[in-house]
Every structure is written in C-alpha cells, then in structure tokens.
Amino acid sequence: DVKVTQSSRYLVKRTGEKVFLECVQDMDHENMFWYRQDPGLGLRLIYFSYDVKMKEKGDIPEGYSVSREKKERFSLILESASTNQTSMYLCASSSPGQIYEQYFGPGTRLTVT
Amino acid sequence: SQQGEEDPQALSIQEGENATMNCSYKTSINNLQWYRQNSGRGLVHLILIRSNEREKHSGRLRVTLDTSKKSSSLLITASRAADTASYFCATGGNQGGKLIFGQGTELSVKP
C-alpha cells in the first residue's frame with residue numbers, strides 16, 4: 001500500500017515564525033502536491049511538483065514556498081507564519097501511470113497564534 | 001479556483017438507506033473522481049470515472065457522469081454507520097495530474 005506520511009499531526013506556531021511541513025511518500029511517485037483545507041472552501045492547491053527540484057504554483061501560493069530535493073520528500077515552507085495560515089495542510093502524491101489518483105497523508109493541523 | 005460544487009452540503013440518513021450526492025463542475029474534464037475523508041484525516045480515493053464513461057460501479061458505490069450537464073452523482077447503497085464521512089468530487093483536466101476539488105458533502109449515517 002502507498003504510504004504518505006506527514007511530519008506532524010498537530011502544530012502550534014507563533015506569528016512570524018518560519019514553519020516547515022514535511023511530507024514523505026514511499027511509492028516512488030513522481031508527482032507530489034500540497035493543499036490546504038478550510039471549512040466551506042474545500043481543498044485548495046498551494047504548490048505541486050512533477051519531479052525532483054521542479055515546482056509549480058497552484059491556486060494559492062502566496063506566503064508559501066516548497067522544496068523537493070529528493071523524490072520521496074516534498075516540503076512546504078511558511079516563510080513568516082501568519083494567523084490566516086491557520087489551517088489543515090494535506091500532502092498527496094501520484095504516479096505517472098495513475099496521475100489522477102492521488103494518495104493523501106493524514107494531514108497537519110497548523111495553528112498560528 | 002473551485003471547479004466542483006457538491007450538493008447537498010450535508011446529508012443525514014439512517015443505516016440501510018441509500019445516500020446520493022451530486023457534483024457539478026464548470027470546465028471540460030478528462031475524468032472525475034470521488035474521495036472520502038473521515039473526520040480530521042486525509043482523503044481516500046474511492047472511484048474514478050473517465051469523461052467517455054457514463055456509469056461506474058465499485059462495491060456499494062455507483063457513480064454516474066453526464067458531461068453534457070457537467071454533473072456527476074455518487075450513490076452509496078445500503079449505507080452503514082462507517083460510511084459517515086465527508087465526500088469530495090475532484091476533476092482532472094489537461095493539466096497533468098492536477099485536480100480541482102469541490103467543497104464536499106458531509107454524510108452522517110445514524111445507526
């Protein structure tokens with residue numbers, strides 16, 4: 001079974017802190033995605049990556065950056081956390097052969113105070 | 001940008017009843033998928049239907065797709081309390097593996 005893990009289930013950070021959210025998948029998937037999920041807004045795509053060192057902006061990239069140094073790891077970075085970035089963050093991956101079927105991690109609920 | 005819109009936003013039924021959720025979308029698609037999310041957890045892929053298909057079954061799940069109306073429905077038959085979750089439709093187009101998710105339907109199945 002595909003396993004996508006995220007570094008933390010719950011995280012509390014202060015405004016202005018730099019925050020790293022890590023995602024690791026164990027199925028050699030080329031494609032990886034970061035979403036945030038907010039009540040009433042569904043899932044919104046922040047960034048995605050089709051290969052190592054490649055990244056593309058999603059629908060809401062402002063205030064975020066990403067890093068993909070290794071195929072299995074995709075990191076989301078909040079350069080200076082703000083209260084409006086309090087949210088559930090979900091990582092997903094998919095393979096080129098089944099590019100539309102995404103496998104999700106359990107999510108990280110981030111609170112910025 | 002939000003593509004899919006689910007209807008209803010919330011649905012409460014008794015165990016054994018059928019649950020139907022609808023999804024509408026705006027642009028042309030390559031495929032449409034349904035995902036389930038248990039409370040506070042990640043999403044799990046349920047079923048994918050391609051744009052040239054009209055109906056697909058998987059166990060107690062039945063999905064239909066009407067590309068002329070830009071809509072899809074998910075039917076869960078003989079529901080169980082364990083089906084309680086949020087259900088999301090997601091559309092895939094011509095942008096690689098990128099998906100656009102709807103806002104979800106929250107299903108509650110009472111024993």
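Just so it is clear: chains get the letters A, B, ... in the order the sequence lines come, proteins before strands, and each one is counted from 1. We use all heavy atoms of the structure for the numbers below, so side chains are in, but hydrogens, waters and symmetry mates are not.
Contact of B/L48 with chain A is made through the side chain alone, with heavy-atom distances under 4.5 Å. For A/Q6, no part lies under 4.5 angstrom from a heavy atom of chain B.
When side chains are defined from C-beta on, B/H45 does not count as touching A/Y103, because their heavy atoms never get closer than 4.5 Å. Counting only heavy atoms from C-beta outward, the side chains of A/E101 and B/L99 never approach each other to under 4.5 Å.
Linking Ile, Leu, Val, Met, Phe, Trp and Tyr whenever their side-chain heavy atoms come within less than 4.5 Å puts A/F74 and A/L78 in one cluster. The hydrophobic clustering, which links ILVMFWY residues whose side-chain heavy atoms are closer than 4.5 Å, places A/L76 and A/Y35 apart.
Atom CZ of B/R60 has more than 12 heavy atoms from other residues, nucleotides or ligands within 6.0 Å. Shown here is B/E17, whose CD atom has more than 12 heavy atoms of other residues, nucleotides or ligands within 6.0 Å.
For B/L43 against A/F104, the heavy-atom pair with the smallest separation is O-CB, 3.3 Å. Shortest non-hydrogen contact noted between A/Q37 and B/F88 is NE2-CZ, 3.3 Å.
The CZ atom of B/F101 sits 14.5 Å away from the CG atom of A/L41 when rounded to the nearest 0.5 Å.
Of all residues in residues 34-42 of chain B, those placing a non-hydrogen atom less than 4.5 angstrom from a non-hydrogen atom of chain A are B/Y35, B/Q37, B/G40, B/R41, B/G42.
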